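Numbers for residues simply follow the sequence, beginning at 1. As a basis for the values below, the full set of heavy atoms in this structure was taken, side chains included, without hydrogen atoms, waters or symmetry mates. Quick caveat: nothing in here was measured; it's all calculated off a predicted structure.
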Amino acid sequence: MHVLVVHDYGPLGRVLLERLRRTHLQVSPLLVSDPANADLHALENWIPEDTDLIVNALWLLDPEKAEDNREATHQAAFSLPLALAEFARDRNMALLQLSSCYVFDGRKQAAYIASNPGQPVNELGRWQWECEQALRTVLPRHILLRTGWSLARFIEKVQKSTAGNEGLHLPGRCKGQPVAVQDLARVITAVVLQVDCGAEVWGTYQYAGAEEINLYELGLAIAGMPGIPEDIRIVDEVPGWGHLEPVNTTMVCSKIRNTFGIKQLPWRTWLSEEVAMLKTSPEAEADKAPASS
């Protein structure tokens, strides 16, 4: 099976490509350095004709950035995936598309299941939910994978905070489940291998690290890791961006376990590795290279 991985300069694309290349699969990368300005009419020039599965590894998990640039979010979270889906439909290809827990409004008391409809409260979730609905209509052979919080996003928040009097404000009222880059790459690889076996497993799935936690306690867990400045102070307060975070984004991940045999692993298992990865990763200069195959 020929798998095309659509990726940007973020770590998920690199880690996923490394994992997939250790399998028997034929794997090709497609770097989309600036998804907001990608030429959607040029897909035929980028995607090999013999592609069987397109994996869109553009992982959008920062609602703050989405609010700051709404047009770019619309392009990356909706227009590009929809163009990939239409291209795949017309050429008998399948598509694995990432979504997130931000499609939910957080009002449910219990954890969300895969069949729960989205009711997003921020720009990122809004376009991800629109994307989910469009893909279900356009392309029957799709896999939608909703993920929990990006663990890396909150590690970076802690790393970039200073030892000022105010400290880093993280809201204890918001609970969810982080997921690490390495863990998500593991899950995507396992799903792809099942598709290669001919399994008819199309539909919507959810994955996040085991153990729900609130954002304040997550900040404390990160602040205690080696490589994090010791004088960082985490405060249980709602920050300026707090209204973008649903109060509850916990998800039930039993469907992906029952279908693919993929078990939830504790996000704490990956915490030190994620901290080290972010510390050693070079800064990506995302505006230097055009989208290319």
For residues 261-273, the salt bridge (charged side-chain N to carboxylate O under 4.0 Å, His left out) pairs (sequence neighbours left out) are Glu211-Arg268

- Answer yes if the side chains of Arg136 and Thr204 hold a donor-acceptor pair under 3.5 Å, and no otherwise. yes

Smallest heavy-atom separation, Leu17 atom then Pro29 atom, equals CD1-CB, 3.9 Å

Spell out, as yes or no, whether a donor-acceptor pair under 3.5 Å connects the side chain of Asp236 to the backbone of Gly172.
yes

Q) Are any non-hydrogen side-chain atoms of Val247 and Arg107 less than 4.5 angstrom apart? A) no

ask   = Shared ILVMFWY cluster between Ile113 and Leu144, side chains joined below 4.5 angstrom?
value = no

>> Test of understanding: clusters of I, L, V, M, F, W, Y form through side-chain heavy atoms closer than 4.5 Å, transitively. Do Val103 and Leu135 belong to the same one?
In response: no

*asked:* Whether the Arg186 and Tyr207 side chains hold a donor-acceptor pair (N or O, under 3.5 Å, no angle test) is what I'd like checked.
replied: yes

message = Tell me whether the NZ or CZ atom of Arg153 lies within the 45° cone about the ring axis of Trp59 and under 6.0 Å from its centre.
response = no

Q | NZ/NE/NH1/NH2 to OD/OE distance under 4.0 Å, Lys175 and Glu245 | A | no

- With no hydrogens and no angle check, is any side-chain donor or acceptor of Asp52 less than 3.5 Å from a backbone partner on His2? yes

For residues Asn248 and Asp105, determine if any side-chain heavy atom of one lies less than 4.5 Å from a side-chain heavy atom of the other. no

Rounded to the nearest 0.5 Å, the CD atom of Glu130 sits from the OG atom of Ser99 at a distance of 11.5 Å

Rounded to the nearest 0.5 angstrom, the OG-NE2 distance for Ser161 and His169 is 10.5 Å

| query | Would a hydrophobic clustering, with Ile, Leu, Val, Met, Phe, Trp and Tyr connected at side-chain separations under 4.5 Å, put Leu218 with Tyr216? | reply | yes

Determine whether Pro120 and Gln128 make a side-chain contact, defined as any pair of heavy atoms from C-beta on separated by less than 4.5 Å.
no

Here the pair of heavy atoms bringing Ile143 nearest to Val191 is CD1-CG1, 3.6 Å

Apply side chain to side chain contact (heavy atoms under 4.5 Å, CB included) to Val238 and Arg173, showing your working.
CA-CA 8 Å; Val238 178; Arg173 70 178 188 179; 4.0 Å; yes

Find out whether Ile228 and Gln159 are in side-chain contact, i.e. whether some heavy atom of one side chain is under 4.5 Å from a heavy atom of the other.
yes

Quiz item: Hey, is Glu132 close enough to Arg146 for a salt bridge, meaning N to O under 4.0 Å?
Solution: yes

Do Trp46 and Met93 share a hydrophobic cluster, counting only Ile, Leu, Val, Met, Phe, Trp and Tyr and linking them when any side-chain heavy atoms are less than 4.5 Å apart? yes

>> Check for me, please, whether Val252 and Phe104 land in the same ILVMFWY cluster - side-chain distances under 4.5 Å, paths through other members count.
In response: no

Taking the side chain as C-beta and beyond, is there a heavy-atom pair between Leu145 and Ile256 under 4.5 Å? yes

Under the side chain to side chain contact (heavy atoms under 4.5 Å, CB included) criterion, do Arg141 and Arg89 qualify, and how do the steps go? CA-CA 8 Å; Arg141 298 177 70 237; Arg89 175 199 61 197; over 6 Å; no

Review point. Quick one: is the NZ or CZ of Lys108 closer than 6.0 Å to the six-membered ring centre of Tyr112, and within 45° of its axis?
Key: yes

Exercise. If only atom types and distance count, is the side chain of Asn122 paired as donor or acceptor with the main-chain N or O of Leu244 below 3.5 Å?
Worked result: yes

Hey, are the side chains of Asn45 and Asp39 touching, using non-hydrogen atoms and a 4.5 Å cut-off? no

One should read off an interatomic distance between Leu43 CG and Arg91 CZ, to the nearest 0.5 angstrom, of 8.5 Å

Is there a donor-acceptor pair closer than 3.5 Å between any side-chain N or O of Glu67 and the backbone N or O of Glu123?
yes

Hits for side-chain hydrogen bond (donor to acceptor under 3.5 Å, both in side chains) against Asp68, two or more places apart or cross-chain, chain-then-number order -> none

Could you check Val179 against Trp270 for side chain to side chain contact (heavy atoms under 4.5 Å, CB included), going step by step and ending with a plain yes or no?
-> CA-CA 9 Å; Val179 60; Trp270 309 93; over 6 Å; no

When rounded to the nearest 0.5 Å, the distance separating CD of Gln182 from CG of Leu151 is 12.0 Å

For Val275 and Pro226, the nearest pair of non-hydrogen atoms, with its separation, is CG1-O, 3.8 Å

By ring pair (Phe, Tyr, Trp, His ring centres under 6.0 Å), Trp149 pairs with (sequence neighbours left out) Phe154

### Task
Begin from the C-alpha positions of Leu139 and Glu86 and carry the test side chain to side chain contact (heavy atoms under 4.5 Å, CB included) through to its verdict.
CA-CA 7 Å; Leu139 183 64; Glu86 291 173 341; over 6 Å; no

Tightest non-hydrogen contact, residues Ala185 and Val15, listed as CB-CG1, 3.6 Å

Note to self: With a 4.5 Å cut-off on side-chain heavy atoms, are Asp50 and Gln26 touching?
What the structure shows: yes

In this structure, CD1 of Ile188 is separated from OG1 of Thr147 (nearest 0.5 Å) by 8.5 Å

CG (Leu58) and CG (Leu98) are apart, to the nearest 0.5 Å, by 8.5 Å

**Study point:** Residues Arg21, Glu18: salt bridge by 4.0 Å N-O rule
**Key:** no

side-chain hydrogen bond (donor to acceptor under 3.5 Å, both in side chains) filter on Gln133, not counting sequence neighbours, yields Trp129

Exercise. Please examine the side chains of Leu40 and Leu80, heavy atoms only from C-beta on, and report whether any two atoms are closer than 4.5 Å.
Key: yes

Report yes or no: does Gln177 contribute a side-chain atom to a donor-acceptor pair with the main-chain N or O of Met251 at less than 3.5 Å?
yes

Pair up each side-chain donor or acceptor in residues 192-200 with any protein partner under 3.5 Å, not counting sequence neighbours, and list the distances.
{"from": "Gln194", "atom 1": "NE2", "to": "Phe260", "atom 2": "O", "distance (Å)": "3.3"}
{"from": "Asp196", "atom 1": "OD2", "to": "His24", "atom 2": "NE2", "distance (Å)": "2.7"}
{"from": "Glu200", "atom 1": "OE1", "to": "Trp202", "atom 2": "NE1", "distance (Å)": "2.7"}

| field | Mutual orientation of the aromatic rings belonging to Trp127 and Phe78 [parallel < 30°, tilted 30-60°, perpendicular > 60°] | value | tilted

Applying side-chain hydrogen bond (donor to acceptor under 3.5 Å, both in side chains) to Thr51 and not counting sequence neighbours gives none

Heavy atoms of Cys131 and Ala77 approach each other most closely as CB-O, 3.3 Å

Smallest heavy-atom separation, Ile234 atom then Leu170 atom, equals CG2-CD1, 4.1 Å

